[in-house]
Structures are given as C-alpha cells and as structure tokens.
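Input: a single structure, listed below in structure tokens.
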Amino acid sequence: MSRVAGYLPIAAVVALAAVVPLVVTSNTVINFLVFTLIVAVAAQGWNLLGGYGGQYSFGHAAFFGTGAYVTALLQTQAGWNPWATVLLGILAGAAVGAVIGFLSFRSGLRGSYFALITLAFAEVFRILANAAGITGGAAGVLIRLDVRPENFQFASRGTFFWVGLAVVAIGLVLTRAIERSRFGAHLVAVRENEDAARALGVDPLRVKLLAITLSAGLTAASGGLYAQYFLFLDAGIAYGAWISVEALVAPIIGGIGTVFGPLVGAVVLQGLGHLTGHLAGEIPGISLVVFGALLILAVAFAPDGATGMAGRLWRRWRRPATPTTTPTATGGERC
C-alpha cells in the first residue's frame, strides 16, 4: 500500500490538470499550457541526469532537437506515420544520449567539463542542421497540416493538451519509480561521491550511461511533441540554447532532484515569462532576464527550490507550538 501511496500525488495532480481544457476555452491559454508541458517534459529529462545523478548538462538541446527532427523528417521525407515517428524520435534521442554519455563518461569527464562537452555537441548539431539539405537548412522543415488523430493532429488544442499531459504523467511516474528503485539509490550514491560508490560495488559508468539514456529519451519526447504541435522546425528552434536553458533552470527553480520540481519550475518560469512579456512588451531577451533573476533568487534564498520551500513552510505550520512554562511556588516549573 505504501508503494501505491507514493503515486497518489501524481494521480491527483494529473487528474486536476486534465480538467483544465474542460473549463478553459481560450486558445491562447491552452497554447501557453501546452508549451509549458513541453518544457516540463524536457526539464524532467534533465532532472533525471542532473538532479538525481549530479551530471549537469548545458546541452540538452542535442536530445530535444534530435527527437524533433527525426519526428519531422520521417514524416515529410519518408511519409511515415507521425505516431511511429515520435517513438522513433525518442529512440534516436536516447541513442544520441548514450553515445555522448559513453564518450564523456568513458573519458572521465565530470562537472564543468561534462557540461561544456554537452554544450559543444548541441552547438555542432545546430550548425549541421542549419547547413544540411535534408533538414531544409536555414529554411527549416514544415510538416503538412492534416488535422486527423491518426496524423497526431487534432481539431481541438485541448486534445493535444491531454496528450502532452499524458507524457508529463509518464515522466512523473518514471521519476518516482527510479527514485524508489535500486538504480535510483545507485544514481544518488554516484552523485554524492562517485569514488565511494565505486568502492561499495556500484559501477558509475553503467549508472551514468543509463541515466543519460533515459534523460535523453524523455527530452527527445518533448522535441517530438513540439514538432507535432507547432508543425515547423529550424536549427535555431530544435538545437537552440533556449531549450537547454529552460530544461536546466526549471528544475532548479522548482526543486532539483524531486519528482514535481521540473513541473512546478516550468509553470513558474513560463508564467512569469509571459506575464513579464505582456507587461514589458516584446523586448528581446526579456524572458532570459526573468529566468536569470529567478535563478539568482532560488540559489540565494531557496536552494531546494519552490517545492522544498513549500515543504518547509508546511512542516512549520503543522508543527505544534512549544508549551510555555511558568514557575510554581516551590521553584519548579509547570506547563
């Protein structure tokens, strides 16, 4: 029963979110929510590697873009079914993650060196996609509009919201399962002290390779969702730094190494970003200013993120007040 109870908060959050398209009719709001879910999936992918494994990546755009391009190109160039291409995009992203992880971890890269090598891979992919003919070069790839469920296109934006929410739910369940598994314990052990984990019989290379493969696959799923929702890609979108930044910052804001942290962080980031853009106008880079300010505030005042802060406040509120004591006539104390 205790194992099932750990998944009840996930079920409650997903159930509440699923009601949103039934009460919200604004396409603008639904667009915002769908994009937030896409970012949340990418952030959950980053969290598996960076939050639980301690391997900070600056280049998750490499996985996002791979999933997006494989999804789009197999449809436009080979005429494959979009549902199948999304799954193949996930596998392709996971494969890219495994290759990058093997090359990096086999060479003993850690910390800032690993972060920089992932950034370098993402930038190389961006340059190649911008120059290659199969990707359309700078003109990008346009997926033909054909609104049918079998084409992964829906007449109602609310339907796509439910699809995105289902992927988020899968990410939450996967993270919770890993958190409670032996693999999750090994992953945290490697994060805390890799040498000590190796001395206890843990194989850090195997653990980190599995972590980056799962992380990349989940991030590639967000890329496939993006391609299917917006029906257009270019190198700047697919492999741009924007998704690497948001996938990294969202878990830190929401709570790194937690199940709900990436989702909470994505909602906070996108909400404040859109609010700032609405109030300040279309100022180039204003969202990055907001993200930077939130990151500074989180590191300074809430290093365990919004979920950690909420947990502390909840425990403090529920904590019983300490009884006061008054001296008695005999010099003792009574409550």
Side-chain angles (χ1 to χ4, degrees), residues 35 37-50 55-77 85-104 109 114-143 167 212-251 262 266 269-270 273 284-285 287-288 291:
F35 186 75
L37 292 177
I38 291 172
V39 172
V41 174
Q44 194 70 265
W46 187 96
N47 190 47
L48 286 177
L49 180 65
Q55 311 301 315
Y56 282 25
S57 164
F58 288 173
H60 259 52
F63 315 134
F64 178 90
T66 299
Y69 265 121
V70 169
T71 297
L73 292 178
L74 287 179
Q75 290 179 62
T76 57
Q77 303 293 331
T85 63
V86 171
L87 294 177
L88 291 172
I90 294 172
L91 294 176
V96 169
V99 170
I100 293 176
F102 181 81
L103 295 175
S104 303
L109 297 181
F114 174 72
L116 290 175
I117 200 68
T118 56
L119 177 63
F121 270 106
E123 185 62 13
V124 168
F125 287 171
R126 186 191 66 81
I127 293 172
L128 291 176
N130 196 54
I134 191 173
T135 61
V141 180
L142 182 65
I143 298 176
V167 178
I212 194 172
T213 301
L214 292 173
S215 173
L218 193 53
T219 306
S222 69
L225 289 176
Y226 185 99
Q228 286 304 130
Y229 189 71
F230 292 100
L231 303 178
F232 174 77
L233 286 175
D234 62 19
I237 293 173
Y239 293 116
W242 70 274
I243 188 60
S244 294
V245 171
E246 296 195 23
L248 183 153
V249 175
L269 283 181
Q270 297 305 316
S287 60
L288 292 178
F291 296 168

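- Closest approach of P251 and N47 over heavy atoms only: CB-OD1, 4.0 Å.
- Residues V167 and L37 have side chains not in contact (no heavy-atom distance under 4.5 Å, counting atoms from C-beta outward).
- Residues V70 and T85 fail the side-chain proximity criterion, which asks for heavy atoms closer than 4.5 Å.
- Looking at F232 and I237, their side chains come closer than 4.5 Å, going by heavy atoms from C-beta outward.
- A132 pairs by the side chain to side chain contact (heavy atoms under 4.5 Å, CB included) definition with I134, T135, not counting sequence neighbours.
- Among all heavy-atom pairs drawn from G45 and L218, the shortest one is N-CD2, 3.7 Å.
- L231 pairs by the side chain to side chain contact (heavy atoms under 4.5 Å, CB included) definition with I143, L145, Q153, not counting sequence neighbours.
- Listed by chain and number, the residues in a side chain to side chain donor-acceptor pair (under 3.5 Å) with Q228 are Q75 (sequence neighbours excluded).
- Residues satisfying the side chain to side chain donor-acceptor pair (under 3.5 Å) test with T71, not counting sequence neighbours, are none.
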Requested in this report: Could you walk me through whether Y239 and Y69 pass the side-chain contact (heavy atoms from CB on, under 4.5 Å) test, one step at a time?
Outcome: CA-CA 10 Å; Y239 293 116; Y69 265 121; 3.6 Å; yes

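- If you look at F35 and Y229, their ring centroids are not closer than 6.0 Å.
- Between L233 and A238, the shortest heavy-atom distance links the atoms CD2-CB, 4.4 Å.
- Here the closest heavy-atom approach between residue F63 and residue G97 is recorded as CE2-CA, 3.5 Å.
- At least one side-chain heavy atom of V141 sits under 4.5 Å from a side-chain heavy atom of L73.
- When all heavy atoms of S57 and L49 are compared, the closest pair comes out as CB-CD2, 4.4 Å.
- Here the shortest heavy-atom pairing between A250 and P262 reads CB-O, 4.0 Å.
- Between F64 and the choices V39, T219, V41, the side-chain contact (heavy atoms from CB on, under 4.5 Å) rule is met once, by T219.
- The distance from the CD1 atom of I38 to the CD1 atom of I243 is 8.5 Å, given to the nearest 0.5 Å.
- Using a 4.5 Å heavy-atom cutoff, the side chains of F102 and I212 are not in contact.
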Report, one line per pair, each donor and acceptor closer than 3.5 Å where one atom sits in a side chain of residues 116-123; sequence neighbours left out.
| unit_1 | atom_1 | unit_2 | atom_2 | d |
| --- | --- | --- | --- | --- |
| T118 | OG1 | F58 | N | 3.1 |
| T118 | OG1 | G59 | N | 3.4 |
| T118 | OG1 | F114 | O | 3.3 |
| T118 | OG1 | A115 | O | 2.6 |
| E123 | OE1 | R126 | NE | 3.3 |
| E123 | OE2 | R126 | NE | 3.2 |
| E123 | OE2 | R126 | NH2 | 2.6 |

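- Between the side chain of S244 and the main chain of A61, a donor-acceptor pair closer than 3.5 Å is present.
- Contact of the L269 side chain with the V249 side chain is registered, since non-hydrogen atoms from C-beta on lie closer than 4.5 Å.
- Evaluation of the side chain to side chain contact (heavy atoms under 4.5 Å, CB included) rule for Y56 yields W46, I256 as partners, not counting sequence neighbours.
- Scanning for ring-ring contact (aromatic ring centres under 6.0 Å, His included) contacts around F230 gives Y226, with sequence neighbours left out.
- Among residues at least two apart or in separate chains, there is no salt bridge (Lys or Arg N to Asp or Glu O under 4.0 Å) pair with a member in residues 87-103.
- Residues that satisfy the side chain to side chain contact (heavy atoms under 4.5 Å, CB included) test with T213, not counting sequence neighbours, are A94, A98.
- Taken from CD1 in I100 to CG in L109, the straight-line distance is 12.0 Å, to the nearest 0.5 Å.
- By the side chain to side chain donor-acceptor pair (under 3.5 Å) test, S215 pairs with H60, sequence neighbours left out.
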